[in-house]
Protein chains: 2
Amino acid sequence: MNAGRPRKSEPEDILEKAMQVFWAQGYEATSMADIMAATGLHKGSLYQTFGDKKSLFMAALARYLDHMFLEQKAIIDQLADQPALALRTALNNMLNMKCEHNDTLHGGCMAVNSLVDSAPFDEDISQLIEHKKGRMINEFMKLIMQIHEQNPGQLNGSPEVIGGMIGVTMQGLSIEMKNNMDVKQANTMLNHQLNLLGL
Amino acid sequence: MNAGRPRKSEPEDILEKAMQVFWAQGYEATSMADIMAATGLHKGSLYQTFGDKKSLFMAALARYLDHMFLEQKAIIDQLADQPALALRTALNNMLNMKCEHNDTLHGGCMAVNSLVDSAPFDEDISQLIEHKKGRMINEFMKLIMQIHEQNPGQLNGSPEVIGGMIGVTMQGLSIEMKNNMDVKQANTMLNHQLNLLGL
DNA sequence: CCTATTTATGACCATTTGGTCATAAATGAA
DNA sequence: TTCATTTATGACCAAATGGTCATAAATAGG
């Protein structure tokens with residue numbers, strides 16, 4: 001049916017490899033030569049498939065955030081009858097995902113990294129993160145509201161404040177994990193924080 | 001006494017201006033041309049005075065961290081008899097400093113920014129931040145220990161955990177402030193967190 | 001004045017960057 | 001076999017980068 005020379009790799013596989021490089025190095029610090037080395041493709045093919053560097057980066061970042069979201073959504077759905085456990089499990093799993101691809105490479109959270117080195121200078125990237133992040137936060141807020149309705153007075157703060165502080169904690173832990181902290185210690189601190197919040 | 005052509009600007013003033021640019025844009029995203037524009041000096045002079053780009057950046061980062069440290073140290077010394085108030089005041093002041101230079105420019109914390117876009121790729125920068133950050137943390141830990149000894153059982157966690165969670169919170173707030181959050185909201189969240197910790 | 005010294009200047013350089021494009025290779029269909 | 005189509009390749013390009021250096025300007029002292 002299809003004519004034409006066959007692909008060396010599927011776009012999804014190329015994107016996955018590009019994502020790893022952008023995740024580890026950031027947008028500015030990653031050159032197309034790095035992407036070429038990681039994917040095994042020459043730049044002509046990359047530009048033909050993805051447009052330009054920024055589009056490729058945004059596709060990789062979207063892939064990262066979609067993957068992150070779907071995995072947490074699955075956990076939440078599976079534990080739908082235990083919102084507190086669902087929240088804890090999903091948040092801890094988020095931390096674990098930030099190191100899964102390579103034990104020695106401290107990537108942190110690709111979105112938090114981008115929030116520092118790309119989003120402030122590019123409205124498109126900023127909006128992409130904003131949107132995907134909001135989708136994740138909505139899920140967490142739903143759980144927090146459920147917990148709050150099940151047992152008003154359990155939470156040490158309004159649902160909005162609780163949600164906000166979880167966000168701050170996750171971003172802070174991402175920075176720590178990118179530098180010194182190992183996953184285990186991060187999980188411990190996260191759970192301590194959740195205890196403090198009354199979750 | 002001194003011969004030679006007089007300086008256009010003092011190195012300290014040059015460094016201050018370079019710091020502002022690095023703070024706002026990060027190391028990689030800042031070119032020597034940006035520094036030239038900000039300082040009014042030509043690259044020859046800059047290289048003669050500071051060596052290379054990395055040395056200039058490290059000098060600027062050190063200046064930032066020293067300034068940050070000294071201001072907080074002054075607050076702490078002034079409130080030496082009220083360690084809890086000293087800690088609260090110093091931490092809130094840190095947040096305020098991150099926006100003082102420009103209301104519309106969201107710089108966040110220059111050290112946290114560097115922890116994302118420079119430190120992972122440069123051991124010298126990493127060690128500089130580690131060292132200066134440790135000095136600040138030591139001051140906070142001394143206050144936490146004092147509070148703990150004054151009233152054991154007040155804190156919701158060991159001093160080490162409390163210190164760690166303050167660090168996580170500050171770094172998380174820095175990310176938020178660099179993107180959306182205004183200083184006032186950040187102060188509110190910080191104080192809520194300190195309440196939770198029993199401070 | 002002249003000289004030594006310090007600083008400022010901007011032309012210059014090699015390298016790297018993101019990006020383009022003409023060409024070649026590999027397929028299915030006619 | 002031929003042709004249209006799709007993908008891969010790498011030479012090529014203009015612009016920007018960090019960095020150097022010879023020269024000029026501005027001072028103090030002799």
Side-chain angles (χ1 to χ4, degrees), chain A residues 1-61 114 117-119 121-125, chain B residues 1-61 114 117-119 121-125:
Chain A
M1 187 78 86
N2 291 329
R5 179 170 174 168
R7 288 175 163 138
K8 265 178 89 174
S9 331
E10 290 304 308
E12 284 299 307
D13 298 333
I14 300 172
L15 213 48
E16 172 67 26
K17 285 170 182 161
M19 185 196 76
Q20 303 281 352
V21 182
F22 279 128
W23 189 356
Q25 305 188 345
Y27 177 62
E28 289 272 3
T30 299
S31 70
M32 291 306 290
D34 294 331
I35 306 285
M36 288 167 60
T39 60
L41 282 178
H42 291 245
K43 56 197 330 181
S45 300
L46 291 170
Y47 278 95
Q48 190 175 347
T49 306
F50 296 101
D52 56 6
K53 187 190 174 188
K54 180 180 155 184
S55 301
L56 174 56
F57 174 76
M58 289 184 69
L61 180 55
S114 305
D117 66 21
S118 318
F121 317 113
D122 190 294
E123 191 59 28
D124 296 327
I125 296 176
Chain B
M1 187 74 86
N2 291 329
R5 178 171 175 168
R7 288 178 165 134
K8 266 180 87 173
S9 331
E10 290 305 307
E12 285 299 307
D13 298 333
I14 301 172
L15 212 48
E16 172 67 26
K17 285 171 183 160
M19 185 197 76
Q20 302 281 353
V21 183
F22 280 128
W23 188 356
Q25 305 188 346
Y27 178 63
E28 290 272 4
T30 299
S31 70
M32 291 305 292
D34 294 331
I35 306 285
M36 289 167 59
T39 59
L41 283 177
H42 290 245
K43 56 197 329 181
S45 301
L46 291 170
Y47 278 95
Q48 189 175 350
T49 307
F50 297 102
D52 56 6
K53 187 190 175 189
K54 180 180 155 183
S55 301
L56 173 58
F57 174 76
M58 288 184 71
L61 180 55
S114 305
D117 66 21
S118 319
F121 316 113
D122 190 295
E123 192 59 30
D124 295 328
I125 297 177

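Basis for what follows: all heavy atoms, side chains included, without hydrogens, waters or symmetry-related copies.
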Expressed in angstrom and rounded to an integer, what is the separation of B/D52 atom CG from D/dT17 atom C1'? 14 Å

Taking only residues two or more places apart in sequence, or in another chain, which ones meet B/S9 in a side-chain hydrogen bond (donor to acceptor under 3.5 Å, both in side chains)? none

For A/R5, the side chain to side chain contact (heavy atoms under 4.5 Å, CB included) test, sequence neighbours excluded, returns none

Length of the NZ-P vector between B/K54 and D/dT17, whole Å: 20 Å

Going by the rule side chain to side chain contact (heavy atoms under 4.5 Å, CB included), which residues pair with A/K8 if we only count those two or more places apart in sequence or in a different chain? A/L41

Check side chain to side chain contact (heavy atoms under 4.5 Å, CB included) between B/S31 and all other residues, then give those that pass, not counting sequence neighbours. B/A33, B/D34

To the nearest angstrom, how far is B/Y47 atom OH from D/dT17 atom P? 11 Å

Please list, chain by chain and in numerical order, all residues satisfying side chain to side chain contact (heavy atoms under 4.5 Å, CB included) with B/E12, sequence neighbours excluded. B/R63

Going 5' to 3' along nucleotides 8-17 of chain C, which nucleotides have protein heavy atoms under 4.0 Å from the base (write B), which only from the sugar-phosphate (write S), and which from neither (write -)? BBBB-----S

